[in-house]
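Comments concern the structure below.
Computed over heavy atoms, backbone and side chain alike; hydrogens, waters and symmetry mates excluded. Please read all numbers here as calculations on a predicted model, not as lab measurements. Starting from 1, each residue takes its place in the sequence as its number.
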Amino acid sequence: MNKLTIKQIFVYIIFLALVLVFSSCNKQGCLEPGSLNYEPDATEDSGDCEFPMISLNLNSVVGSEDFAIGQIYEIGGVKVSFITFQFYMTSAQLGTDALEGAYLIKADQETITLGEATTGTKDAFRFDLGVDSTTNHLNPEDYESSNPLSFQAPSMHWSWDKGYIFLRVDGLVDADGDGTPEAAMEFHIGKDSNLTPVSLSLNTDANSAEVPVNVTLDIAKLFTNIDLSVDYITHTGDVPELANRTVANMASMFSVQ
């Protein structure tokens, strides 16, 4: 075996030293600036970035009263009770962060997980009430049963060519004035042109693992300038004038707490 010369040994030592220096400079960490565990000094992605999880905390009320299925309320002097109150939320955004997916929101829910966002102060929560025109004409059969856009009970879809029901309200109203809700109430709102954008100003810091967005849904505001003793059924196309008045009120139902 040939013996190493002093020069070769010296070169080998220098090589090892350089390897140690460069290896010590390779620091693993999360390289995503909008993450909770961002490592600005990292040189190698560790693949373990963590982001705030956003949830919608829904406080549903009817005027000054808490919402409950089957409870009797008075709206515009008319006794009303609700069997169903639900709607589609799509294209949700917290600040500039898109929260992907469609959500079927029910008024008797309290917390709905919306997805991940980046850190920082968020100045607005925006969404569309309804579904976009392309999605609106797809077939619910194309979705898995767990998807909100699949078939629902009660139904949130008329047929593939007519599209989804953006907002569904079923219940009873006191149409004869005897103080007891007895007439079937049906507000089923759909149609491409009735997609309603909602924009809520807020000042929320998304700098923790769980970030709630606290939204109040005041159902009484849906019926502003509507006399429920005479106007209590529309499936959009059959009574378009009542549907238009309802759509005009939809965004006003929402506010941040």
Side-chain angles (χ1 to χ4, degrees), residues 34 51-56 58 60 84-107 109 111-118 122-170 186-202 206 211 213 215 217 219 221-222 233-256:
F51 295 88
M53 182 61 69
I54 311 303
S55 61
L56 171 66
L58 190 65
S60 297
T84 303
F85 194 105
Q86 57 192 38
F87 59 92
Y88 278 111
M89 172 188 289
T90 59
S91 302
Q93 282 187 284
L94 185 62
T96 58
D97 293 328
L99 303 170
E100 301 294 341
Y103 306 89
L104 181 58
I105 309 296
K106 301 179 181 181
Q109 287 177 292
T111 303
I112 302 97
T113 300
L114 299 180
E116 293 181 336
T118 57
K122 309 301 180 182
D123 62 354
F125 178 58
R126 303 178 182 88
F127 63 89
D128 288 338
L129 197 165
V131 300
D132 65 87
S133 58
T134 298
T135 304
N136 195 31
H137 299 286
L138 298 179
N139 193 332
E141 291 182 351
D142 295 337
Y143 298 95
E144 294 184 0
S145 59
S146 59
N147 192 305
L149 295 171
S150 182
F151 291 109
Q152 303 293 321
S155 177
M156 291 296 289
H157 194 273
W158 284 301
S159 65
W160 74 269
D161 58 332
K162 291 184 178 179
Y164 285 89
I165 301 172
F166 297 172
L167 168 72
R168 177 165 184 154
V169 183
D170 300 313
E186 296 178 357
F187 284 78
H188 299 176
I189 305 298
K191 192 178 178 182
D192 292 343
S193 60
N194 291 329
L195 182 70
T196 299
V198 178
S199 182
L200 304 173
S201 297
L202 47 78
V211 178
V213 177
V215 173
L217 168 67
I219 290 169
K221 291 184 178 180
L222 181 66
I233 294 180
T234 177
H235 303 113
T236 304
D238 57 350
V239 190
E241 188 275 334
L242 179 55
N244 291 339
R245 279 190 283 153
T246 306
V247 171
N249 293 331
M250 291 198 303
S252 68
M253 294 190 293
F254 302 93
S255 62
V256 293

Closest heavy-atom contact between [X] and [Y]?
X: Ala117; Y: Asp97; result: CB-OD2, 3.4 Å
X: Thr90; Y: Gly130; result: OG1-O, 2.7 Å
X: Ile189; Y: Trp158; result: C-CH2, 4.1 Å
X: Leu104; Y: Gln152; result: CD2-OE1, 3.6 Å

Between [X] and [Y], is any pair of side-chain heavy atoms under 4.5 Å apart?
X: Thr246; Y: Leu222; value: yes
X: Pro148; Y: Met156; value: no
X: Pro140; Y: Tyr164; value: yes
X: Tyr88; Y: Leu149; value: yes
X: Lys122; Y: Leu202; value: yes
X: Thr236; Y: Phe166; value: no
X: Val239; Y: Ile233; value: no

Item checked: Residues Asp132 and Thr135: side-chain donor-acceptor under 3.5 angstrom ->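 A donor-acceptor contact under 3.5 Å links the two side chains.
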Check: Is the closest side-chain donor-acceptor distance between Asp170 and His188 under 3.5 Å?
Finding: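 Result is yes, a qualifying pair exists.
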Checklist line | More than 12 heavy atoms of other groups within 6.0 Å of Lys191 NZ | finding: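 No, because the 6.0 Å sphere around NZ of Lys191 holds 12 heavy atoms or fewer from other groups.
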Donor-acceptor contact below 3.5 Å, side chain [X] vs main chain [Y]:
X: Arg245; Y: Pro240; answer: no
X: Arg168; Y: Ser155; answer: yes
X: Thr196; Y: Ala251; answer: no
X: Thr234; Y: Phe187; answer: no
X: Tyr103; Y: Leu114; answer: yes
X: Asp128; Y: Ser91; answer: no

Checklist line | From CA spacing to verdict: side chain to side chain contact (heavy atoms under 4.5 Å, CB included), Lys106, Ser60 | finding: CA-CA 9 Å; Lys106 301 179 181 181; Ser60 297; over 6 Å; no
Next item on the list: Could you tell me if the ring centre of Phe125 sits under 6.0 Å from that of Phe127?
Entry: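 Aromatic pair counts; centres sit under 6.0 Å.
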To the nearest 0.5 angstrom, please state how far the [atom1] atom of [X] sits from the [atom2] atom of [Y].
X: Asn244; Y: Asn249; atom1: CG; atom2: CG; value: 11.0 Å
X: Arg126; Y: Leu200; atom1: CZ; atom2: CG; value: 9.5 Å
X: Leu167; Y: Asn194; atom1: CG; atom2: CG; value: 10.5 Å
X: Ile105; Y: Ile112; atom1: CD1; atom2: CD1; value: 4.5 Å
X: His157; Y: Asn139; atom1: NE2; atom2: CG; value: 6.5 Å
X: Glu116; Y: Leu94; atom1: CD; atom2: CG; value: 13.0 Å

Check: Stepwise, does the side chain to side chain contact (heavy atoms under 4.5 Å, CB included) test hold for His137 with Asp192?
Finding: CA-CA 9 Å; His137 299 286; Asp192 292 343; 3.0 Å; yes
